[in-house]
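Would you mind keeping the following structure in view while I ask a few things?
Because the structure is a prediction, the values reported are computed rather than measured.
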Amino acid sequence: MYPFNLEDPNAKRYHTWSQHLKSQFGEKVFKVALDGGFSCPNRDGSIGTGGCTFCSESGSGDFAQSHLDPLPVQLKKGIELEHKKWPNSTKYLAYFQNFSNTYAPVEVLRERYEQVLREEGVVGIMIATRPDCLPPETIAYLAELNKSHYLWVELGLQTIHDDTGERINRGYTYDTYLKAVEALRKHGIRVCTHMINGLPGESRDRMMESLARVLLDSDIQGIKIHLLHLMQNTALVQDYEAGRLQFLEKDEYVGLVCDQLELIPPEIVIHRLTGDAPRRSLIGPLWSLHKWEVLNSIDAELRRRGSYQGMRDIRKRGEHHD
């Protein structure tokens, strides 16, 4: 039994985030991206400076609310904005999006998270962070939070390949990621892993291997697949100017994502299949600005193939892709 309808020609052939939330809460739920005022150990000198080479000045939170506003005000503004699209929605997720949102003492985390969790209509919280920002005391607090609230922890991995990790100045290893997932899952905390297609030096085979190994090696409940965006004022611009970065073409990306979806077990929630970047700062690929065209192309390719998420479920096969 699949959590999506293969008989409906107009339905998505993968387990969408929207479907998942409707099954959990019985209605449309949207997330409000917040800036919690956190930093990152890869920016403040603890382990490095400058951040990951692809990361924007806003810490990959280009659509989050302004950190100049108190968190309850950010939440209110975000809800008002989303109500323009979904005026009847009454349930919201507080999404701590940019930088590393567990990079602070537990008492700071508690104060910031719980400011918004007590606001009317907030039914849960999503926390984006790094695998190396989850010490035991933070895991213990998240376990406590998970008992009382709907919770997801998002971990930025991007690639399993540590040589690429060094190249993009990630600052932690694949083993660090695996240990973080294990620690979170001991407490039943839902984990969503971020992957990026198109990193410098990454072939199609390496991208496919990353996806396959993550599914085989870690007990995750959700995944975000991103297209690499090159934005102004990021260190990655140097790779591009030196010819070390080639943009994926749209058809190439669509085919790759469909190949990846076929490996992903159908119970895993697909939080994202492409990425957003502000037009004003995007260098390329420019076709990514047309997000709905990309998503519609993925749908069309899956239908053309007669394919769907989990058709070649890697966990059932217990082996790498062909």
- The side chain to side chain donor-acceptor pair (under 3.5 Å) partners of Y95 (sequence neighbours excluded) come to E154, K224
- Message: Looking at Q19 and T16, would you say the former's side chain and the latter's main chain have a donor-acceptor pair under 3.5 Å?
- Response: yes
- Query: Roughly how far, to the nearest 0.5 Å, is the CG atom of L263 from the CD1 atom of I268?
  - Reply: 10.5 Å
- Validation row, ring centre Y92 to ring centre F30 under 6.0 Å: yes
- Go through the steps for D69 and K76 under the test salt bridge (charged side-chain N to carboxylate O under 4.0 Å, His left out), then give the verdict. CA-CA 10 Å; D69 288 326; K76 181 180 179 182; over 6 Å; no
- Task: Tell me whether W152 is reachable from I139 by hopping between hydrophobic residues (I, L, V, M, F, W, Y) whose side-chain heavy atoms are closer than 4.5 Å.
- Result: no
- For the residue pair R272 and W17, establish whether any side-chain heavy-atom pair is separated by less than 4.5 Å. no
- Item | Close side-chain approach of H161 to Y174, heavy-atom, < 4.5 Å | no
- So which of L155, N101, N42 actually passes side chain to side chain contact (heavy atoms under 4.5 Å, CB included) with R130? N42
- Message: Could you check whether any side-chain heavy atom of Y177 comes within less than 4.5 Å of a side-chain heavy atom of D132, counting everything from C-beta outward?
- Response: no
- Any luck finding a side-chain donor-acceptor pair between N88 and E27 under 3.5 Å? no
- Would you please classify the geometry between the Y308 ring and the F4 ring as parallel, tilted or perpendicular, with 30° and 60° separating the classes? tilted
- Query: Would you call D259 and R204 a salt bridge, using N to O less than 4.0 angstrom?
  - Reply: yes
- Item | Main-chain N/O of D219 paired to Q221 side chain as donor or acceptor, under 3.5 Å | yes
- Message: Using only atom types and a distance under 3.5 Å, with no angle test, would you say the side chain of T138 pairs donor to acceptor with the backbone of L134?
- Response: no
- Message: What I want to find out is whether R305 reaches E262 closely enough, with some N-O distance under 4.0 Å, to be called a salt bridge.
- Response: yes
- Task: Establish, for the pair K28 and W86, whether the NZ or CZ atom is under 6.0 angstrom from the six-membered ring centre and no further than 45 degrees off its axis.
- Result: yes
- Message: Less than 3.5 Å apart, any donor N or O on the side chain of T129 or S100 sitting next to an acceptor on the other?
- Response: no
- L273 CG to Q260 CD distance, which is reported to the nearest 0.5 Å: 9.0 Å
- Message: As an exercise, state the distance from CG of L145 to CZ of R110, rounded to the nearest 0.5 Å.
- Response: 8.5 Å
- Message: Tell me whether N169 contacts the main-chain N or O of E166 through its side chain, where contact means a donor paired with an acceptor under 3.5 Å.
- Response: no
- Message: Run K12 and D299 through salt bridge (charged side-chain N to carboxylate O under 4.0 Å, His left out) and show every step you take.
- Response: CA-CA 7 Å; K12 299 287 186 182; D299 293 340; 2.5 Å; yes
- Do F96 and Y113 have ring centres separated by under 6.0 Å? yes
- Message: Taking the side chain as everything from C-beta on, heavy atoms only, tell me whether L142 gets closer than 4.5 Å to H187.
- Response: no
- Residues S89 and E82: side-chain donor-acceptor under 3.5 angstrom: no
- Side-chain H-bond candidate by donor/acceptor type, D44 with Y103, under 3.5 Å: yes
- Task: Would you check if L248 and P285 make a side-chain contact, meaning some heavy-atom pair closer than 4.5 Å?
- Result: no
- Message: Within the 4.5 Å heavy-atom criterion, are P3 and S23 side-chain neighbours or not?
- Response: no
- Task: Return yes if a side-chain donor-acceptor contact under 3.5 Å exists between R206 and T164, otherwise no.
- Result: yes
- Item | salt bridge (charged side-chain N to carboxylate O under 4.0 Å, His left out) assessment of R304 paired with E301 | CA-CA 5 Å; R304 186 194 69 79; E301 176 62 13; 2.8 Å; yes
- Message: Quick one, L256 and M207 - any side-chain contact, counting heavy atoms below 4.5 Å?
- Response: yes
- Query: Between D163 and R167, does at least one N-O distance fall below 4.0 Å, as a salt bridge requires?
  - Reply: no
- Message: Closer than 3.5 angstrom, by distance alone: can the side chain of N296 be matched with the main-chain N or O of W292 as a donor-acceptor pair?
- Response: yes
- Is there a donor-acceptor pair closer than 3.5 Å between any side-chain N or O of R185 and the backbone N or O of I189? yes
- Task: Is it possible for you to say whether I223 and V269 belong to one hydrophobic cluster, with membership spreading through side-chain heavy-atom contacts below 4.5 Å?
- Result: no
